[in-house]
Amino acid sequence: MSFLSLSTELIEKIASCLRAQDIAVLRLCCRRIHLIVEGSLLLQYLYRMEQAGVYDPLWDLPGRPIIDRLEALERWETSWNDIEKYLVTPRLVIPAERDLFGPFFLCDDYLFAVDWQGHPTGLRQPALLYVDLRDALRTGQHRWKQIDYPPGSIAITQAFSIEEDDLVVSVLSLPRLDGAPTSTVLRFMSLETGGAHPLAKLPDLRLDTQLPVSLLDVRADVIGDQIVLVLVDLRNEAPESDAIYLVDWKQGLMSLVHRAPNGTYEGALSVLSPELVLFLKRESPSIELCRVTRGTAQTPPSLRVVRTLALPPFHVGYHVHTAYMQTDRHSARWRGTPPRRPPSPLPFHSAPDDMVVGITFLLRQHGPQTIWKKVVTTISHRALFALAAADGDDDGDGEGDDTVPWEEWGPSAARVIAPSSFQWITAHAGQRWLSLEADRLVIRDFSAVRVRRAAAAARDGGNDRAVGTVSELPPAQTVIRGGSACFAHDVTSALPFVETRVDAPAQEHSMVLTDGERLVAFVRVTSQGQPPTFDIHVLEERDASSSSAGSCSSHSQSRTLGGRSYQLA
């Protein structure tokens with residue numbers, strides 16, 4: 001049986017497994033294939049998604065037609081291209097109901113604010129406060145909800161698995177009772193109920209430490225259906241070794257999967273996929289790329305170091321004050337019962353291979369006058385996945401390979417940026433990261449597709465953005481000089497990106513948050529002791545020009561959308 005003798009439906013299904021370039025070539029095969037490709041909304045959508053650098057698992061296809069997905073994709077691209085228009089007036093202005101210092105998060109269309117210690121007088125206990133922005137944008141009304149923590153406790157860190165499990169994990173340092181040692185617990189909570197998560201066998205799991213929060217650094221994140229956690233003892237004398245745990249939160253099981261000499265790790269980690277996680281090492285700046293294996297009835301869970309990748313060393317006069325890592329993660333579908341809240345307005349997200357992970361360092365130089373520096377190293381997921389896939393020579397002893405020098409992997413896979421002026425918070429989302437620098441919002445977009453598009457536009461005539469907005473391709477590589485700067489040696493990096501700078505004088509003293517490349521929030525703190533205000537901007541909205549598309553006939557929908565043809569290039 002020849003390929004051309006197959007049914008139209010089967011040819012479309014086979015073609016849907018191809019990449020965009022292959023789909024474009026396939027349509028040149030013959031007249032029949034050309035008509036099938038040109039007449040298939042699914043193939044047009046798949047082609048357009050790859051050209052936009054996004055991915056859609058299509059698991060909810062029956063409830064959301066392809067034509068609606070194409071509309072959403074067009075609106076999303078347009079909003080980022082004209083971002084200055086979408087940042088003029090916020091869609092929501094949400095004042096906090098108490099004075100807060102953070103941390104603040106945007107995650108899965110929720111706004112989170114942590115009252116990590118409560119009121120010093122004890123009049124207000126610590127709490128996790130949150131607003132469902134998906135509901136607030138639909139109704140125009142917002143409502144703060146909260147999950148109270150025990151009086152006297154301190155909220156150390158949080159992890160989220162909302163769309164998949166309605167899960168929030170909090171690491172809490174509980175107050176001492178009757179002279180007993182300090183205890184630190186993982187608490188598993190449901191946003192829907194505001195209490196203990198119904199699927200968790202135990203509401204709390206106690207960590208194997210009695211250290212107070214001032215001597216402890218803990219970070220946690222969700223990886224697949226488990227939680228990965230790194231615990232670091234900050235004592236100078238007789239410290240315990242660093243420990244990494246995997247937690248089966250539903251069964252209430254905690255497994256120690258790795259120990260290392262004290263001072264090996266920073267309290268920072270980043271989950272790249274359901275089986276890959278990055279840890280940040282302290283003794284010499286480097287990252288550890290590790291593979292997680294789930295446990296079975298016969299074998300315990302395990303963690304294996306795949307690669308240790310060196311980062312550029314800092315000058316001896318600078319010390320790391322704080323470090324954290326950020327990236328996006330996405331699940332193809334729910335792992336439990338379908339959620340009750342409406343689905344996300346965007347069915348697609350950045351393609352996992354095309355996303356980036358950002359490592360942010362706040363450095364402090366001691367001397368007659370304290371000097372602060374911020375360094376952000378942005379690393380391509382694609383490069384990290386390739387390094388993980390190339391570990392066939394590993395001997396499997398769990399120790400991984402020798403450290404790979406920066407010069408062998410870093411310049412082509414990463415970009416190191418040390419802005420001269422900055423706010424501490426840097427917001428990573430998908431293929432972009434956002435930073436407030438002086439009176440401008442700076443957006444660095446690492447999408448390979450958009451970099452190529454920007455290079456072509458520059459050759460054809462350059463920047464045509466609105467007044468107050470500049471978009472440009474930075475130099476092909478960045479060289480940060482060592483010695484006088486914060487690095488010990490010259491640092492070269494060349495991961496390409498497009499930089500857009502938007503005037504934001506009113507946000508000079510704000511923090512910026514982002515979620516899924518759709519929501520941008522500015523956190524404004526007017527004065528000490530006053531509650532902050534959150535300005536929420538939406539970078540994907542249905543407008544009048546696209547609303548008429550839904551009333552078109554099915555024949556016209558298959559050819560154009562909102563007046564724009566989706567012919568394959």
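Aromatic ring centres of Phe361 and Phe314: separated by under 6.0 Å. Ring centroid separation for the pair Trp80 and Tyr86 does not come in under the 6.0 Å cut-off. Between His537 and Phe522, the gap from one ring centroid to the other is short of 6.0 Å. Under the 6.0 Å cut-off for aromatic ring centres, His315 and Phe487 do not qualify, their centroids lying 6.0 Å or more apart.
In this model, a donor atom of one side chain and an acceptor atom of the other lie less than 3.5 Å apart for Ser241 and Arg259. Tyr149 and Ser170 share a side-chain donor-acceptor pair at under 3.5 Å. Side-chain contact annotation: His381 with Thr327, donor-acceptor N/O pair under 3.5 Å present.
The closest side-chain heavy-atom distance from Tyr318 to Ile371 is below 4.5 Å. The closest side-chain heavy-atom distance from Thr370 to Arg364 is below 4.5 Å. Side-chain contact between Thr378 and Val376 is present, with heavy atoms from C-beta onward closer than 4.5 Å.
Looking at Asp503 and Arg440, a side-chain N of the basic residue comes within less than 4.0 Å of a carboxylate O on the acidic one, giving a salt bridge. Salt bridge absent: Arg91 and Asp535 never bring a charged side-chain N and a carboxylate O closer than 4.0 Å. Between Asp233 and Arg235, at least one side-chain nitrogen of the basic residue sits less than 4.0 Å from a carboxylate oxygen of the acidic one, meeting the salt-bridge criterion. Salt bridge status for Lys281 with Glu266: absent, with no side-chain N to carboxylate O gap under 4.0 Å.
The main-chain N or O of Gly53 is found under 3.5 Å from a side-chain atom of Gln431 such that the two form a donor-acceptor pair. Put simply, the side chain of Ser79 gets close to the backbone of Leu539: a donor and an acceptor are under 3.5 Å apart. Ser161 places no side-chain N or O within 3.5 Å of a backbone atom of Leu167 that could act as its donor or acceptor partner.
Every residue two or more places apart in sequence or in another chain that forms a side chain to side chain contact (heavy atoms under 4.5 Å, CB included) with Pro203 is listed here: Ala196. Residues satisfying the side chain to side chain contact (heavy atoms under 4.5 Å, CB included) test with Glu499, not counting sequence neighbours, are Val442, Arg444, Glu472, Pro474, Phe497, Arg501.
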Check your understanding: Phe160 and Tyr110: ring pair (Phe, Tyr, Trp, His ring centres under 6.0 Å), yes or no, with the steps?
Key -> CA-CA 11 Å; Phe160 306 96; Tyr110 277 98; 9.0 Å; no

Practice item. Applying side-chain contact (heavy atoms from CB on, under 4.5 Å), run through Leu309 and Leu384 and close with a yes or a no. Key: CA-CA 10 Å; Leu309 307 172; Leu384 294 172; 3.8 Å; yes

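Between Val93 and Pro95, the shortest heavy-atom contact is O-CD, 3.5 Å. The minimum heavy-atom distance between Pro345 and Arg518, with the atom names listed, is CG-NH2, 3.2 Å. When all heavy atoms of Pro151 and Gln125 are compared, the closest pair comes out as CD-NE2, 4.0 Å. Across all their heavy atoms, Asp165 and His197 have their closest contact at O-NE2, 2.7 Å. Between Met325 and Leu280, the closest heavy-atom pair is CE-N, 3.8 Å. Shown here for Ser344 and Arg64, the closest heavy-atom pair between the two residues is O-NH2, 2.8 Å.
Within a 6.0 Å sphere centred on CZ of Arg294, heavy atoms belonging to other residues, nucleotides or ligands number 12 at most.
For the pair Arg98 and Trp144, the cation-pi criterion (under 6.0 Å, within 45° of the ring axis) is not fulfilled.
The list of salt bridge (charged side-chain N to carboxylate O under 4.0 Å, His left out) pairs with a residue in residues 195-217, not counting sequence neighbours, reads Arg187-Asp204, Asp217-Arg219.
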